[in-house]
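Side chains included, hydrogens not; waters and symmetry mates left out as well; all remaining heavy atoms used. A note on names: the letters A, B, ... follow the listed sequences, proteins ahead of strands, and every chain is numbered from 1.
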Amino acid sequence: MTEDRYDPHAIEPKWRRRWEAMDLFHADLQGAERPCYALVMFAYPSGDRLHVGHWYHYGPADSWARFRRMRGWDVFEPWGFDAFGLPAENYAVKTGIHPRDSTEANVANMIEQLKAMGAMWDWGRTLNTSEPEYYRWTQWLFLQLHEAGLAYRKAAPVWWCPVDQTVLANEQVLEGNVCERCGATVERRDLTQWFFRITEYADELLEGLDDLEWPDRTKALQRNWIGRSEGVEIDWKVEDPGERTIRTFTTRPDTIYGVTFLALAPEHELVEEIVREEHREEVAAYRARARRRSEIERTAVETEKSGVFTGAYARHPLTGEAIPIWVADFVLATYGTGAIQGVPGHDERDREFATALELPIETVIEPREATPEEGAYTGHGTVVDSGPYTGMDSEEMIPEVIAELAHAGQGHKTVNYRLRDWLVSRQRYWGAPIPIVHCDACGEVAVPEEELPVELPYDVDFSLGAGKSPLERSEAFLRTACPECGEPARRDPDTMDTFVDSSWYYFRYLDPHDEEKPWDPELVAKWLPVHMYSGGIEHATLHLLYSRFVTKAMRDLGHVGIDEPFARLVHQGTITKEGARMSKSKGNVISPDEYVAEYGADAFRAYLMFGFSYEEGGDWKDEGIRAVAGWLQRVWRLVDRHGHLFEEAEVDPGAATREYEGEAMRELQLVRHRSVKGATEDLEQWSFNTAIARVMELVNALYQVAPIDDPFPDDVDRDLFRECLDATIRMMGPIAPHLADELWERIGREASVVDAAWPEFDPQILRTEEVTVVIQVNGKVREEMEVERGLSEEELGARAREHGRIPELLDGKPVRKTIVVPDRLVNLVV
RNA sequence: GCCGGGGUGGCGGAACUGGUAGACGCGCCGGGCUCAAAAUCCGGUGGCCGCGAGGCCGUGUGGGUUCGACUCCCACCCCCGGCACCA
């Protein structure tokens, strides 16, 4: 018999052509009975070749989708492009090639490469956020939010990237002051910008996390970012002049008797009003200095505390004591109320401030047990020197003091968030124009829905302007008539953050070319929330947060009926080279192209699945892909050698569950069911490495019973062996899709494995009659015995005592206790 | 400092709700095939002691709970990620 060699380079293009010709991956969304929306985060269309990260993310995700399809789900696996954004525009600034042209070329380039992966993407539903048919609805979304008061324009201190020449959202600022895009140090600027009122949903965004099948760490990141803290706002009456009050926020009202000063942020609006004449100059100087200092500098933990006295005092709401009011730059204008009550006895920062400026320090809480340590005691304990509360437990005091303050009209419970509203306007060209017109007479006017899209003009000087949108230079674009009064007016020159584009694309995939509406609510009801979403964890507090907000807002506006966009989420790990992140500058880049050229796309995908724990990632090893490619050949040879069995007879599915006489056949049958069970459960939960290991076990077992170089043994049951081979090929479907289809064809089947059923396993068969029971003496394994399943505890204990060398080991010592785990283990304690 | 995630053979990685630690693979060792090599097939492979049967040790460290702990509890150490003068 001549052996056909496994040649991925012949097989793979052949099958991709066939799949395309069969339109195998077109999803019938209306007709689907068991929808499964398998979504990968769409990508920015780059002009480069795909890197390992792309393959590592998309390959296994597609394998999961294939697995689901074989299990009877109607899988929808779309692909699209997050095509607006800075790289294309920066490239244009450098080369003069228009972003629309480079994007178009990159999209084509990328599609061609993506197709080589052999994934099930439904290419008929591709979308591109930079096309008018898409961004028209991004603008519609903006208008919906605007009308509901969820999109608004205001002047605020915002982050400005001097390199990218645009403002950024808080979420796009890393490590306090680094631009997420370019790595430049960002600055604070006071500018009038567009915001989405995401803070309105802070609580719901927090609570909704509980019900999501998301990784804990991702939920933790969002919780951290939202930063909810419960506390009390307290109003302090300022003594003379007038009726002014200063509102402070604290999470520890139980320390209120320890307040020895108040401190206002330098930007606080009341500073000007309360400052006494003799301190005015000094305070003004301090505020000017604070303004010049960067936020980073001001808020760095190491920075020594500084402040200046205003000369004014506030009256303590409970003791009536006069409390000095200071201005201090460690107090943040943007958090809480911009004013704090200083409790140097029980807060580290307040203590540093009090020490530096020689203010009194009072102790009002003592630790319950331990002796007081150095510095401020910040825990709870027994209340001291606190009027009527003295002697109480500080935690019990909190509700009582809140009640007293509320009763006096000087305090109330409140909640603070770290989350800020989402800044969505950008001073860049390559994005969706904000659909707003500014009219001298009517003010800020929304572009009527029927006039959408506000098209991004092609012919624009998009070189970077001095802090202004390139569209500001396009008179043709700007000049328009006010939709309300008809008088000449000007369009808003800014474009939207690309995260607005990506915050709703999963709705649009359902019908990306619908000209009537952004999405079909019925299809949304049927297909969403997305069943399975995969992508990088770097989007935890960006895309994933924004999308949740947009979904909730659209729900409240009656456009969708779901609370959350993504029911299940997984993140792929990172593939490194020699322990380091791959990067062009380091020159340690693994090029998929080279490996695909040598081993094929199947081997490349299969190695990425087998060599790593998906969510962890790990270090690339050439030996790894060689080994996996070798294993694919092993599977190939197995089918090649035994394919004649399929010419002899059809596969009998009953062969899997039939009763077999010989030990060897029973064992093969066991391995077959164990393998299918393991692969099924592991694939479902994205444990690709162990799933492949299970299939390897079955392949090994088949090699065992029918050595590949010998004639097919007489004592091997042909029905069973054939069924096992059949199951193996099916399980190869998600692991090596091209190879599986080739083998499928070679055993005489039509079409594709993705439309074949995933093999079943029978738990009854895995419940063997005989079980191996481990015998321990004092917790140490000493013997094993084969017994029939289902023996009573007494029986097992008795048999264990007599088994093998156990009597010898017991040596006549009385067994004090016998622990029996039925069918598994006996532990004899002497 | 707070919040997550992690630490298991030479390596990548397994281990369900506490029940035979190291599945599967790489590497290595041995064997078959070959004039030879590659490829491939078969066997072995946590460490230490022992000719052997077998014994002892072993999942970051130190304690604890338990008949029994990679798994649970307490106290630490180290690595990765997020947040952070957030009151």
Side-chain angles (χ1 to χ4, degrees), chain A residues 3 174-176 215-229 231-232 248-252 255 263 298-305 328-332 334-343 346-350 352-353 378 416-418 537-538 540-541 574 607 610-613 615-616 618-628 630-631 633-634 637 674 678 681-682 687 689-697 699-700 703-704 707-710 772-784 805 815-821 824-830:
Chain A
E3 186 182 304
L174 310 177
E175 291 154 30
D216 285 340
R217 54 186 177 142
T218 315
K219 293 185 184 186
L221 290 179
Q222 289 208 352
R223 286 198 187 98
N224 250 336
W225 187 260
I226 295 168
R228 179 190 155 103
S229 69
V232 189
T248 60
F249 172 75
T250 180
T251 55
R252 292 295 301 275
T255 63
R298 268 177 62 182
T299 58
V301 187
E302 316 82 63
T303 307
E304 211 176 303
K305 299 278 178 295
D329 67 3
F330 78 92
V331 181
L332 305 175
T334 49
Y335 184 79
T337 59
I340 60 141
Q341 41 187 335
V343 186
H346 304 289
D347 182 280
E348 294 290 353
R349 298 152 299 176
D350 296 353
E352 283 173 36
F353 184 77
T378 56
N416 255 300
Y417 302 92
R418 218 188 62 90
I537 193 168
E538 66 274 15
T541 56
T574 311
Y607 166 54
F610 182 65
F612 313 87
S613 167
E615 302 227 21
E616 295 289 311
D619 213 48
W620 174 275
K621 290 272 175 4
D622 281 3
E623 307 88 74
I625 188 168
R626 230 176 286 137
V628 170
W631 180 69
Q633 288 210 36
R634 186 170 158 92
R637 266 194 307 276
R674 206 185 296 135
E681 291 169 358
D682 291 349
S687 183
N689 51 350
T690 53
I692 293 177
R694 295 300 152 246
V695 180
M696 285 174 168
E697 285 176 61
V699 171
N700 290 347
Y703 267 82
Q704 280 306 315
I708 202 150
D709 294 328
D710 302 344
T772 306
V773 169
V774 171
I775 306 169
Q776 299 182 330
V777 176
N778 288 341
K780 292 196 179 206
V781 179
R782 296 301 179 194
E783 275 287 357
E784 289 178 7
R805 53 195 185 90
V815 175
R816 274 200 299 124
K817 202 168 169 187
T818 305
I819 287 102
V820 178
V821 181
R824 296 203 68 167
L825 169 146
V826 176
N827 188 7
L828 303 168
V829 187
V830 298

Exercise. Salt bridge check: are A/Lys305 and A/Glu348 linked by an N-O gap of less than 4.0 Å?
Worked result: no
For this session: Check every atom of B/rA87, B/rC3, B/rA14 against the side chain of A/Leu332 and return the nucleotide holding the closest atom.
Result: B/rA87
For this session: Take the protein atom CZ of A/Phe612 and the nucleotide atom P of B/rG12, then report the distance between them rounded to whole Å.
Result: 11 Å
Problem set entry | Runs of at least three consecutive pairs that involve RNA chain B, where pairs are Watson-Crick or G-U with distances under 3.5 Å | B:1-7 with B:77-83, B:10-12 with B:24-26, B:27-32 with B:40-45, B:46-49 with B:54-57, B:60-64 with B:72-76
For this session: Determine: side-chain N/O of A/Arg349 to OP1/OP2 of B/rC86, distance under 4.0 Å, yes or no.
Result: yes
Problem set entry | Base versus backbone protein contacts along nucleotides 20-31 of chain B [heavy-atom cut-off under 4.0 Å; B, S, -] | B--BBSS-----
Exercise. To the nearest angstrom, how far is A/Tyr703 atom OH from B/rC42 atom P?
Worked result: 8 Å
For this session: Tell me what A/Lys780 touches on the nucleic acid: a base, only sugar-phosphate, or nothing, going by heavy atoms under 4.0 Å.
Result: sugar-phosphate
Exercise. Is it true that A/Phe612 and A/Trp620 have ring centroids separated by less than 6.0 Å?
Worked result: no
Exercise. Expressed in whole Å, how much space separates the P atoms belonging to B/rG58 and B/rG47?
Worked result: 16 Å
For this session: Rounded off to whole Å, could you give me the CG-to-P distance for the A/Leu221 and B/rC80 pair?
Result: 17 Å
Exercise. Glycosidic conformation of B/rG50, syn or anti, with 90° from 0 as the boundary?
Worked result: anti
Exercise. Under the 3.5 Å rule, do the base of B/rC67 and the side chain of A/Asn827 count as making a donor-acceptor pair?
Worked result: yes
Exercise. So, is A/Arg223 near the phosphate of B/rC2, with a side-chain N or O under 4.0 Å from OP1 or OP2?
Worked result: no
Exercise. Taking only residues two or more places apart in sequence or in another chain, which ones pass side-chain contact (heavy atoms from CB on, under 4.5 Å) with A/Ser229?
Worked result: A/Phe249, A/Thr251, A/Tyr335, A/Asn416
